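Throughout, numbering of the chain's residues begins at 1 and tracks the sequence. Everything numeric in this text was worked out from a predicted model, so none of it was measured.
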Amino acid sequence: MIITAVNGQLPGPTIEAREGDTVVVHLVNESPYDMTIHWHGIFQRGTPWADGPAMVTQCPVKPGGNYTYRFNVTDQEGSLWWHAHISLLRATVYGALVIRPRGGAEAYPFPKPHGEETVLLGEWWNANVEDLDRMAFLTGNTPPNADAYTINGKPGDFYNCSNANQTYRFQVQRNETYLLRIINAALNTPMFFKVANHSFTVVGADAVYTTPYETDVVVVAPGQTVDALMVTGAPVGRYYMAASPYDSAIPQGPPFSMTTGTAIVEYVGSAGEETPQLPSRPEYNDTNTAFRFFSNLTALVLPGKPTVPLSVDTRMFVTVGLGNSDCQPAQLLCNTTGTRPPIFSSSMNNASFVLPDSVSMLQAHYANASAGVYTSDFPDQPPVIFDYTADASDTARLKYTTKSTKVKTLRYNETVEMVLQNTRLIAKESHPMHLHGFNFFVLAQGFGNYDQATATPQFNLVNPQERNTVAVPTGGWAVIRFVANNPGMWFMHCHFDAHLDLGLGMVFEVQDGPTVETSVPQPPFDLPQC
């Protein structure tokens, strides 16, 4: 089977840098598809043209074309990643982006590990994902679920395709400490991550250091990263590393693969032939375990690092979830009866996002020519106040949404507080919401409908976790806060690609600041054209 890959590798090559470095990557598109690369979690301060989402900050690189991404990694340390940001191509076009302290491993705010391993969790389809994406659009349905879960590109020992070359192996010495850089590159599936007979100390998330957190299971949503120390204190032997799905939408959600991707942790000195031990895995819908992990992380407070802004300029209450919209004329296979039946859609505050098709939003912003490209009327509140997490049958009349390209315009340095409220119009589930260009503080999260009176006293204003992707609890809410100190056009969207394609996104338009350094620079000479 032929896939789209970078430099002939799956996953693609790991990019390694030190804090403060400038990273230069030349993209040469030898594939038959349009391509862009997003540097997930990189702030792109001063380099908004390098962020990568197709039609938001750039037009795609056409087959045979090329583009140079150039950005620096100042004030960032830890595990991030890169991936295609167009169609479903990031199923195979992805890799790690590791940023080490300028002072090397001795500068970590935790004991220096004996070794490091990158653990990329992914999904695999026995089909061309570009064809699946096209068929999903034409029919108005979501693409089929993955056929397998992978660890570093290999599914492991529990699939029909599995053989000795399809299981990744990590070799370790006994009684040493390893830093695992765990990255969820899956398109649509949050993961439970375990290693038999081992536990972890979480020390970072989304390239921000955390207060050490002890756990025997790591939960990581699509787009998120976790840095965890693992001590190899078990008897010499072989142990399975397991990635199993967390499906928060059971039983209302779409089908998913109830399987487990595996790799092997092999101690030096083991025979190499003994059957590895398999860890117990949480139930597929174990929301308690997921919430316990997500809500217990806090930031490690370090000198010179950002602190929570205490005054707020703009407050937003934003519903996120699935609904319906009309079948569009271009969706030829869902419009066969001529009646335009309702199809799956998704939205934020009932606005279902559609990318422009003639020019990128950042180009339109820079040229002050937004007319016909986007409108600056993304609402701060949903159009109707209702019982957001009620049974779906009680809110049938609220399911419909319309397609639009709406942005929220922010002044430079404005402080934004956003309540992200899941809905149950079709199914309640945990949506991993990713914000480009910024980290945000997660002040609080919970279940049910957000209640300001009871939630505000729960706000952590001292050491909240700092993220670029938050897994909003299933049938619940999360409160985030950030400072809009990065001019440009910044995508915010669900990191389930199936939901992004259905419209679960919006864009923040951050205006220029008072200086050249705080303004959007002119586009690079090789910026792709539509």
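For the residue pair His83 and Arg90, the shortest heavy atom distance occurs at ND1-CD, 3.4 Å. Nearest heavy atoms, Gly122 versus Tyr94: CA-OH, 4.2 Å. Summarising the geometry of Met433 relative to Val320, their closest heavy-atom pair is CE-CG1, 4.1 Å, with the distance given to 0.1 Å. Here the closest heavy-atom approach between residue Thr287 and residue Tyr246 is recorded as OG1-OH, 2.7 Å. Nearest approach of Val219 to Thr289, heavy atoms of both residues: CG2-O, 4.2 Å. Shortest non-hydrogen contact noted between Asp206 and Gly223 is OD1-O, 4.4 Å.
At distances below 3.5 Å, not a single donor-acceptor pair connects side-chain atoms of Thr298 with backbone N or O atoms of Gln465. Listed for the Asp147 side chain is a donor-acceptor partner under 3.5 Å among the backbone atoms of Asn126. Looking only at distances, a side-chain donor or acceptor of Asn184 sits under 3.5 Å from a matching main-chain atom of Val220. Looking only at distances, a side-chain donor or acceptor of Glu19 sits under 3.5 Å from a matching main-chain atom of Asp75. One N or O on the side chain of Asn188 and one on the backbone of Ala498 form a donor-acceptor pair closer than 3.5 Å. Side-chain N or O atoms of Thr36 include one that pairs as donor or acceptor with a backbone N or O of Gly52 at under 3.5 Å. Of the possible donor and acceptor atoms, none in the side chain of Arg481 sits under 3.5 Å from a partner among the backbone N and O of Val479. A donor-acceptor pair under 3.5 Å links the side-chain atoms of Gln224 to the main chain of Ala221, judged by distance alone. Without hydrogens or angle criteria, Thr319 side chain to Asn349 main chain gives a donor-acceptor distance under 3.5 Å.
The distance from atom OG1 of Thr232 to atom CZ of Phe170, rounded to the nearest 0.5 Å, is 13.5 Å. One finds the CG atom of Asn468 at 8.5 Å from the CD atom of Gln76 (value rounded to the nearest 0.5 Å). The OG1 atom of Thr401 lies 4.0 Å from the CG atom of Asn350; values are rounded to the nearest 0.5 Å. The OG1 atom of Thr469 sits 8.0 Å away from atom NE2 of His436, with the distance rounded to the nearest 0.5 Å. Once rounded to the nearest 0.5 Å, the distance linking OG1 of Thr210 with CZ of Phe110 reads 9.0 Å. A distance of 12.0 Å separates CG of Asp51 from CD1 of Ile37, quoted to the nearest 0.5 Å.
With Trp125 as reference, Leu187 is the one residue of Leu88, Ile3, Leu187 to meet the side-chain contact (heavy atoms from CB on, under 4.5 Å) rule. Exactly one of Phe43, Phe441, Phe438 qualifies for a ring pair (Phe, Tyr, Trp, His ring centres under 6.0 Å) with Phe482. That residue is Phe438. Remark: of the listed residues Ile182, Ile151, Asn152, Asn152 is the sole one forming a side-chain contact (heavy atoms from CB on, under 4.5 Å) with Leu120. The only member of Thr389, Thr423, Asn422 that meets side chain to side chain donor-acceptor pair (under 3.5 Å) when paired with Asn449 is Thr389.
Heavy atoms of other residues, nucleotides or ligands lying less than 6.0 angstrom from CD of Gln171 number more than 12. Residue Glu214 places its CD atom among more than 12 non-hydrogen atoms of other residues, nucleotides or ligands, all under 6.0 Å distant.
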- Give the C-alpha distance, both sets of side-chain angles, the deciding distance and a yes or no for side chain to side chain contact (heavy atoms under 4.5 Å, CB included) between Cys494 and Leu500. CA-CA 6 Å; Cys494 180; Leu500 175 57; 5.6 Å; no

- Message: Using ring-ring contact (aromatic ring centres under 6.0 Å, His included), reason through His431 and His495 one step at a time and then give a plain yes or no.
- Response: CA-CA 7 Å; His431 295 278; His495 222 274; over 10 Å; no

- Task: Give the intermediate values and the outcome of side chain to side chain contact (heavy atoms under 4.5 Å, CB included) for residues Leu504 and Phe496.
- Result: CA-CA 9 Å; Leu504 216 169; Phe496 292 155; over 6 Å; no

- Thr4 and Tyr33: CA distance, side-chain angles, deciding distance, side chain to side chain contact (heavy atoms under 4.5 Å, CB included) verdict: CA-CA 9 Å; Thr4 303; Tyr33 308 114; 3.6 Å; yes

- Check the pair Lys154 / Thr167 against side-chain hydrogen bond (donor to acceptor under 3.5 Å, both in side chains), numbers first and verdict last. CA-CA 5 Å; Lys154 297 179 181 295; Thr167 303; over 6 Å; no

- Task: Apply ring-ring contact (aromatic ring centres under 6.0 Å, His included) to the pair His198 and Tyr239, showing each step before the final yes or no.
- Result: CA-CA 9 Å; His198 293 74; Tyr239 302 89; 5.1 Å; yes

- Start with the C-alpha gap between Asp227 and Val202, add the side-chain angles, then the distance that decides, and say whether side chain to side chain contact (heavy atoms under 4.5 Å, CB included) holds. CA-CA 6 Å; Asp227 291 340; Val202 175; over 6 Å; no

- Item | Derivation and outcome, ring-ring contact (aromatic ring centres under 6.0 Å, His included), residues Phe192 and Tyr284 | CA-CA 9 Å; Phe192 295 116; Tyr284 299 118; 8.7 Å; no

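Residues Val119 and Ile183 have side chains not in contact (no heavy-atom distance under 4.5 Å, counting atoms from C-beta outward). Side-chain contact between Pro155 and Trp124 is absent, with no heavy-atom pair separated by less than 4.5 Å. Contact check for Ser280 versus Lys194: side-chain heavy atoms found under the 4.5 Å cut-off. Inter-residue side-chain proximity for Val98 and Thr14 is flagged as met; some heavy-atom pair is nearer than 4.5 Å. Side-chain contact check for Leu297 versus Arg467: some heavy-atom pair is nearer than 4.5 Å. Proximity of Trp82 to Pro13: side-chain heavy atoms (C-beta onward) are separated by under 4.5 Å at one or more points. Leu89 is listed as a side-chain neighbour of Glu130, based on a closest heavy-atom distance under 4.5 Å.
Checked against the 6.0 Å centroid threshold, His493 and His499 do not count as a close aromatic pair. Ring centroid separation for the pair Tyr213 and Phe200 does not come in under the 6.0 Å cut-off. Ring centers of Phe291 and Phe293: at least 6.0 Å apart, outside the cut-off. For Tyr240 and Phe158, the gap between ring centers is short of 6.0 Å. In summary, the aromatic rings of His40 and His434 are positioned with their centroids under 6.0 Å apart. Aromatic pair Phe508/Phe491: centroids not less than 6.0 angstrom apart.
Side-chain N/O atoms of Asp157 and Thr262 include no donor and acceptor closer than 3.5 Å. A donor-acceptor pair shorter than 3.5 Å can be found between the side chains of Glu123 and Thr189. Defined by atom type and a distance below 3.5 Å, a donor-acceptor pair is missing between the side-chain atoms of Gln58 and Tyr67.
Taking the six-membered ring where the residue is Trp, Tyr69 and Trp39 present perpendicular rings, their angle passing 60° and hence far from 30°.
Look at Glu116 and Arg181 and you find a salt bridge, because one of the NZ, NE, NH1 or NH2 atoms lies within 4.0 Å of a carboxylate O, short of that distance.
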